[in-house]
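Just so you know, these numbers use all the heavy atoms, side chains as well, and skip hydrogens, waters and symmetry mates. Proteins get letters first, then strands, A, B, ... in listed order; numbering begins at 1 in each. Source: prediction; values computed, not measured.
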There are 2 protein chains.
Amino acid sequence: MTNDHNAPQTVIKQDELRLEKFLPYRLSVLSNRVSNAISQAYGARFHLTIPAWRVMAILGRFPDISAAELVEQTAMDKVAISRAVSSLLKSDYVTRREDPADRRRQVLNLSEQGREVYARIVPLAQQYENDLITSLSTEEREQLDSIIEKLMVRAKEWSERGLIDE
Amino acid sequence: MTNDHNAPQTVIKQDELRLEKFLPYRLSVLSNRVSNAISQAYGARFHLTIPAWRVMAILGRFPDISAAELVEQTAMDKVAISRAVSSLLKSDYVTRREDPADRRRQVLNLSEQGREVYARIVPLAQQYENDLITSLSTEEREQLDSIIEKLMVRAKEWSERGLIDE
DNA sequence: TAACATTGGTTTCAATTGTAACCACTGTAT
DNA sequence: ATACAGTGGTTACAATTGAAACCAATGTTA
């Protein structure tokens, strides 16, 4: 395929799969390693799960939104959001008030406390991201950015339009 | 700490986090989308979970290995492997025999049936990968390959040497 | 040889997650 | 008003997962 530095042609039989080179697999291993490391970091310090932290991250940037809007933003599902929010309410990191215009809708926000925690996690998160990409040149960072964007479009199509063939 | 190449045009306050641009987050969303789509594809056709399929994929390339070696190869954990193997034994996709040299160790292989299923899944998997990367140019594919490699090294260091700071 | 640490692998139990059913409210049509 | 479909959000239950305890075999030390 792309790179074979030590062989004139790829020697792998077509009916074998090189898992180590298989993109979906590599993405998954990489992403798991990264997520686990980071979630340990703030999980340990602030007792936050990844979904909870995601909710806070969104609320930090977009105040006054509802759970449904969180679903849109994060691509997490309804139930996960509901649970994350309810645990964040319990720990007083977020506040919730009814939207008088639509009494089904609950408007969410970071609480004072939540804002403090948020302010402390953000640099930590950035530090991790920084550390992760120090090994990349500026060009590579840009490349990665645009490549991820393209892959995401494709993957999104899968989930929307159903799978290949079928 | 390490390097700082931030553009002057960035308007986001430093103490805010743009989740949509946060690499660990994007990786996770992308990887989940891809994995779910693909696992649906062969889960539906062959009743395989992702861990089970991974085990088969490794066994297809590396016969006569043990569960412990599977752990090494896949970065999955002991228990996940154990469960996957036991379900694969039940469906007769893999065989297991005791290593006479070390009676704790079990040597695993694809069965005839397993090999057949493997042979049918491989093209399917490749088709998905293909479809995913059609949106990328040849250069981009090479870039992605090497970038993932670099990120993986870093993430691996985290899990081995513990986290940043600490 | 007895004692103890280590390794390969499984089991158990609790926490996390996903799916579907559900309740409460709103919007629309009758 | 009344009925009914759609939406926001939660609950209940089953399946999946992870951590820790565990068993059996091996290696190591004395």
Side-chain angles (χ1 to χ4, degrees), chain A residues 28-29 31-33 35-40 42-44 47-55 58-59 62 64-91 94-109 159, chain B residues 28-29 31-33 35-37 39-40 43-44 47-55 58-59 62 64-91 94-109 159:
Chain A
S28 153
V29 172
S31 155
N32 284 340
R33 285 224 161 91
S35 287
N36 289 338
I38 298 189
S39 87
Q40 276 204 342
Y42 46 66
H47 297 286
L48 286 176
T49 63
I50 292 189
W53 158 244
R54 280 194 188 156
V55 166
I58 298 286
L59 287 180
F62 307 106
D64 288 320
I65 66 174
S66 69
E69 289 161 313
L70 281 171
V71 169
E72 255 189 68
Q73 286 281 339
T74 58
M76 294 164 60
D77 88 9
K78 257 180 142 189
V79 181
I81 294 283
S82 169
R83 293 199 256 242
V85 166
S86 105
S87 99
L88 287 170
L89 285 169
K90 225 176 267 166
S91 40
V94 316
T95 64
R96 171 166 71 175
R97 61 172 203 279
E98 219 175 47
D99 180 351
D102 180 343
R103 281 169 46 232
R104 293 166 303 184
R105 192 166 174 278
Q106 318 258 35
V107 178
L108 303 166
N109 271 295
S159 31
Chain B
S28 151
V29 172
S31 154
N32 285 340
R33 286 224 161 93
S35 288
N36 289 338
S39 86
Q40 277 204 341
H47 297 286
L48 286 176
T49 63
I50 293 191
W53 159 243
R54 280 195 187 156
V55 166
I58 299 287
L59 287 180
F62 308 106
D64 288 319
I65 66 175
S66 70
E69 290 162 312
L70 282 172
V71 169
E72 255 188 68
Q73 287 280 341
T74 58
M76 294 163 62
D77 89 6
K78 258 182 141 186
V79 181
I81 294 283
S82 168
R83 291 199 258 241
V85 166
S86 104
S87 98
L88 288 170
L89 284 170
K90 224 174 271 168
S91 40
V94 316
T95 64
R96 171 167 71 176
R97 62 172 202 278
E98 220 174 46
D99 179 352
D102 181 344
R103 282 170 43 235
R104 292 167 303 185
R105 192 164 173 280
Q106 319 258 35
V107 179
L108 302 167
N109 271 295
S159 33

Give a yes/no on whether any side-chain N or O of B/S82 is located under 4.0 angstrom from OP1 or OP2 of C/dG9.
-> no

For the atom pair CG (A/L70) and CG (A/L59), what is the distance rounded to the nearest 0.5 Å?
-> 5.0 Å

Rounded to whole angstroms, how far apart are CD1 on B/I65 and C1' on C/dG9?
-> 15 Å

Rounded to whole angstrom units, what separation is found between the CG atom of B/N36 and the C1' atom of D/dT16?
-> 13 Å

When the distance from CE of B/M76 to C1' of D/dT17 is rounded to whole Å, what number comes out?
-> 11 Å

Measure the spacing between OG of B/S86 and CZ of B/R96 and express it to the nearest 0.5 Å.
-> 8.0 Å

Point-to-point distance, once rounded to the nearest 0.5 Å, from OG1 of B/T74 to CD1 of B/I58 = 6.5 Å

Verify side chain to side chain contact (heavy atoms under 4.5 Å, CB included) between B/N36 and B/Q40, making sure each step is shown before the conclusion.
-> CA-CA 6 Å; B/N36 289 338; B/Q40 277 204 341; 5.6 Å; no

Atom CG of B/L108 and atom C1' of C/dG9: how far apart are they, to the nearest Å?
-> 11 Å

Any residue meeting side-chain hydrogen bond (donor to acceptor under 3.5 Å, both in side chains) with A/S35, in chain and number order, not counting sequence neighbours | none

Write down the distance between CD (A/E69) and C1' (D/dG8), rounded to a whole number of angstrom.
-> 11 Å

Contact pattern, 5' to 3', of nucleotides 16-26 of chain C - B, S or - by protein heavy atom under 4.0 Å = -BBBB---BBS

Contact class for B/S86 (heavy atom, under 4.0 Å): base, sugar-phosphate, or nothing?
-> nothing

Flag the pair A/D64 and A/R97 as a salt bridge only when some basic side-chain nitrogen lies within less than 4.0 angstrom of an acidic carboxylate oxygen.
-> yes

Separation of atom CD1 in B/I50 from atom C1' in D/dT17, rounded to whole Å = 13 Å

Roughly, in whole Å, what's the span from CD1 in B/I81 to P in C/dT7?
-> 18 Å

